[in-house]
**Student:** 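I have a structure here, written as structure tokens, and I will follow up with some questions on it.
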Amino acid sequence: MPEGHTLHRLAAEYRQLFGGEPVRVSSPQGPFAAAARRLDNQALTSTEAHGKHLFLGFAAVGWIHVHLGLYGKVRFGDGPAPAPVGQLRLRIATDDHYADLRGPTTCELISEVEKKAVHQRLGPDPLRPDHTGDAAWQRISRSGTTVAALLMDQKVLSGVGNIYRAEVLFRQGLDPRMPGRSLSRAQWDGIWADLTVLMRDGVRDGWIDTVRPEHMPQAMGRAAREDAHGGEVYVYRRAHQPCLVCGHPVSTETHAGRNLFWCPACQPPG
DNA sequence: TGCGCATGCCGAG
DNA sequence: TCGGCCTGCGCAA
């Protein structure tokens, strides 16, 4: 489930399992093998996430920059790592733990300067305490692009994917197709504040759960509501099903190549 | 068993 | 705006 909360969880888990100590680094297949040899037996000194980007810092060498894309996954395990199976891009291991990275869009060794350049092309991240929504507002308030597209533009705002986009706009009662420039400052502040809450919950829980208790269907047990994305949501992938608040069927359309979901009654135009 | 789709992103046109 | 891509899942056949 690679939206921003996933990467912040990964940064914390890599830090917890491997931080401060020398680690074995290997890349059994693929173009990262030479870089892995340079990192092998170096200490992992820091980890951080910005939006959907993960950075693993080795002070003596540089940073591993990871982007999971749509398919990438990290699996952590206890004990000595088993023999690698299949396409394994990056393994970090000690005698006690291992972490296997598969299928990422990006896994590269970069310098401090290159890392800065990545940060500079990303918008503020609601999960980073040192970020505010101001820079995003500067872009959004002057744009004729839809709010739906702006929220997914990582140069404007980082860490929000299709689920958080759909859910925050529902919770704020905003039509996803309204242009950024017709959003009020108060509405933007509401989006940013709500994203901060929702995404922090996502980091804490490991899944995206956005439905307020008063809207939770009584009949739904925990097992039943944990579907492909993990938690319970208002509109994401609930096309044609009744809105949990008003009962109107949830709408869907392809918008800029991605599936968009909203309730036309709770999120009216204008 | 194989198909289509998916929470992302890029480059070509 | 579209196709492509590194994977994994649910579903139909």
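Per chain, numbering begins at 1; letters A, B, ... match sequence-line order.
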**Student:** I'd like to check the ring pair (Phe, Tyr, Trp, His ring centres under 6.0 Å) partners of A:H119; sequence neighbours left out, ordered by chain and number.
**Tutor:** A:H50, A:F55
**Student:** Under 4.0 Å, counting only non-hydrogen atoms across every strand here, what does A:G257 touch: a base, just sugar-phosphate, or nothing?
**Tutor:** nothing
**Student:** Quickly work out the A:L68 CG to C:dC5 P distance and round it to whole Å.
**Tutor:** 20 Å
**Student:** Return no unless some side-chain N or O of A:H67 is found under 4.0 Å from OP1 or OP2 of B:dC9.
**Tutor:** yes
**Student:** Let's test your reading of the model: under 3.5 Å, does the base of B:dC9 pair with the side chain of A:T105 as donor and acceptor?
**Tutor:** no
**Student:** With respect to the phosphate group of C:dT7, does any side-chain polar atom (N or O) of A:K73 fall under 4.0 Å of OP1 or OP2?
**Tutor:** no
**Student:** So, A:F76 versus A:Y14, ring centres under 6.0 angstrom or not?
**Tutor:** yes
**Student:** Where is the tightest heavy-atom contact between A:H97 and A:F18, given as atom of each residue plus distance?
**Tutor:** O-CE2, 3.7 Å
**Student:** Counting any heavy atom closer than 4.0 Å, what does A:G103 reach on the DNA or RNA strands: base, sugar-phosphate only, or nothing?
**Tutor:** base
**Student:** Just the rounded figure in Å: distance from P of B:dT7 to CE of A:M199.
**Tutor:** 16 Å
**Student:** Pick from A:R171, A:E167, A:Q241: which one makes a side chain to side chain contact (heavy atoms under 4.5 Å, CB included) with A:V235?
**Tutor:** A:E167
**Student:** So which protein N/O to nucleotides 2-6 of chain B N/O distances come out below 3.5 Å?
**Tutor:**
unit_1: B:dA6; atom_1: OP1; unit_2: A:N259; atom_2: ND2; d: 2.8

**Student:** What integer number of Å spans the P atoms of C:dG8 and B:dC10?
**Tutor:** 22 Å
**Student:** Take atom C1' in C:dC6 and the same atom in B:dT1, then report the distance between them in whole Å.
**Tutor:** 22 Å
**Student:** Salt bridge check, A:E48 against A:R128: does any charged N sit closer than 4.0 Å to a carboxylate O?
**Tutor:** yes
**Student:** Within 45 degrees of the ring normal and closer than 6.0 Å to the centroid, is that where the cationic atom of A:R91 sits relative to A:Y98?
**Tutor:** yes
**Student:** Considering only atom P, compute the distance from C:dA13 to B:dC5 and round it to an integer number of Å.
**Tutor:** 14 Å
**Student:** To the nearest Å, give me how far apart NZ (A:K155) and C1' (B:dG8) are.
**Tutor:** 13 Å
